[in-house]
Asks: 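I'd like to ask you about the structure that follows.
In each ligand, atom 1 is the first atom listed, and ligand 1 is the first ligand listed. In this text, all values refer to a predicted model and were calculated from it rather than measured experimentally.
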Amino acid sequence: MVHVRGILLAFVVAVVAVTTYVVLEPIPEDVDSPWMLKIISKFLILSPYGMKALPTGLVDWLDERFRAHSRASEPRVPYRDAVFDRVPVRIFADEPAGEKTDKRPAIVFYHGGGFVSSSVDMHHSLTAMLARELNAVVVSVDYRLAPKYPFPAAIDDCTAATVWFLKHIGDFNVDPGRVAIMGDSAGGNLAAATAQRLTFDPEYRDLPRPKLQVLIVPCLQAFDFHTPSYQQNGKYNTLILRRITMATYWNKYLLGNKGDVTEAMVINNHTSAAAKSSPLVQKCLSRDLIPDEFKRPDYRAPSTDFGDDALYEEIKDVLLDPDYAPLMREDLRGLPEAYILTAEYDVLRDDGIMYAKRLEKAGVPVTWKHYKTGFHALFGNLIPSEVGKQGDKDFLQFALKKL
Ligand SMILES: *[C@@H]1O[C@H](CO)[C@@H](O)[C@H](O)[C@H]1NC(C)=O
């Protein structure tokens, strides 16, 4: 009897503790779906530990159940898996060329997940939704992930699959003038980098040119982890991405398992003082690109008079490589038209804003959509919310007209 009571009591205490913890966890006042965010964030932070505690067999089984559930999520949209130039892809709503239907638009999609996680399965319903709503062929690229495969594996796979698709576009019932490349989060980085390669690498000159690049809450630079949006949002445990989360992802994409500079990244001590005030950085990441309304009263421009010269020397070639960090390319003239989605409560907000402003200055047509109550992962119903529905609707309306 005593035992049962003891166990019950422990259980009640645990439930109360967890609930209080979730309830009291700070979150910005006007963000959409705060409860959902609180619970999901807790899950995201705790699940790696939970996963480690479970037997591998059970984790694999749960993973497969989850994947199967994702694949079944949009039963009306047909798909098949294929390989484009050694890269696995999933193609939605494909139909043989020569069918008596009009040629359709296409989207090549790169999923998010911090370069280290997620999959075409996890993004199945998002990509199927795009195929259905836009009557488009969607190619979702299953690129290799860090840390096992660090930079440039992901961008090389995305480029290879996209180039193969563009070269063989005649085999699909697709209009070569109506192809978009698109991605969310790390996938937005890969979409921006692929667009740059297709535009600036002479090797691809004769390929059909993408009509549109769609960058959804993209991460575009790993030089400065103290932009106004990192300062404003990086401290919350409840907004999906913390500063430390992004630094961890960028570190794994940069170095794989070969090193860990995360701690230096979070305090901007992975770069040198000279680099911080170099003309390239002052231009590519200029604070003047970010409108004042995005700088909260407590925003402080990060200091530029410190750094770690030796560490920077080791990593600078990749850190400044536009294939890794598309914002670091100095000249953006000639890139395809862009649709860029940013969210107020997202550490990556200013990456998107700076890129939108710089593309505009370079003469590239840009549609920049900013969601004032939005958070990271609002798009594609990954986390259900009103602002997410609006984000989807706005993009679909735009794409129906544009593509
Ligand atoms: C940055 O790194 C250097 C070299 O390791 C170190 O001497 C310095 O104290 C660090 N600066 C900060 C602000 O931590």
Asks: Kindly indicate, with the supporting measurements, whether the criterion ring pair (Phe, Tyr, Trp, His ring centres under 6.0 Å) is fulfilled by H270 and F225.
Replies: CA-CA 10 Å; H270 61 310; F225 290 88; 5.6 Å; yes
Asks: Are any non-hydrogen protein atoms located under 4.0 Å from atom 7 (O) of ligand 1?
Replies: no
Asks: Look up atom CG in N189 and atom CZ in F151, then write down how far apart they are to the nearest 0.5 Å.
Replies: 9.0 Å
Asks: Can you tell me the protein heavy atom closest to atom 13 (C) of ligand 1 and the distance?
Replies: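 Closest protein heavy atom to atom 13 (C) of ligand 1: F306 CD1, 4.0 Å.
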Asks: Given I267, D308, N268, N269, which has its nearest heavy atom closest to atom 2 (O) of ligand 1?
Replies: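 Checking each option, the heavy atom nearest atom 2 (O) of ligand 1 is found in N269.
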Asks: Any side-chain donor-acceptor pair under 3.5 Å between D260 and T262?
Replies: yes
Asks: Would D94 and R80 pass as an ion pair if we require N to O under 4.0 Å?
Replies: yes
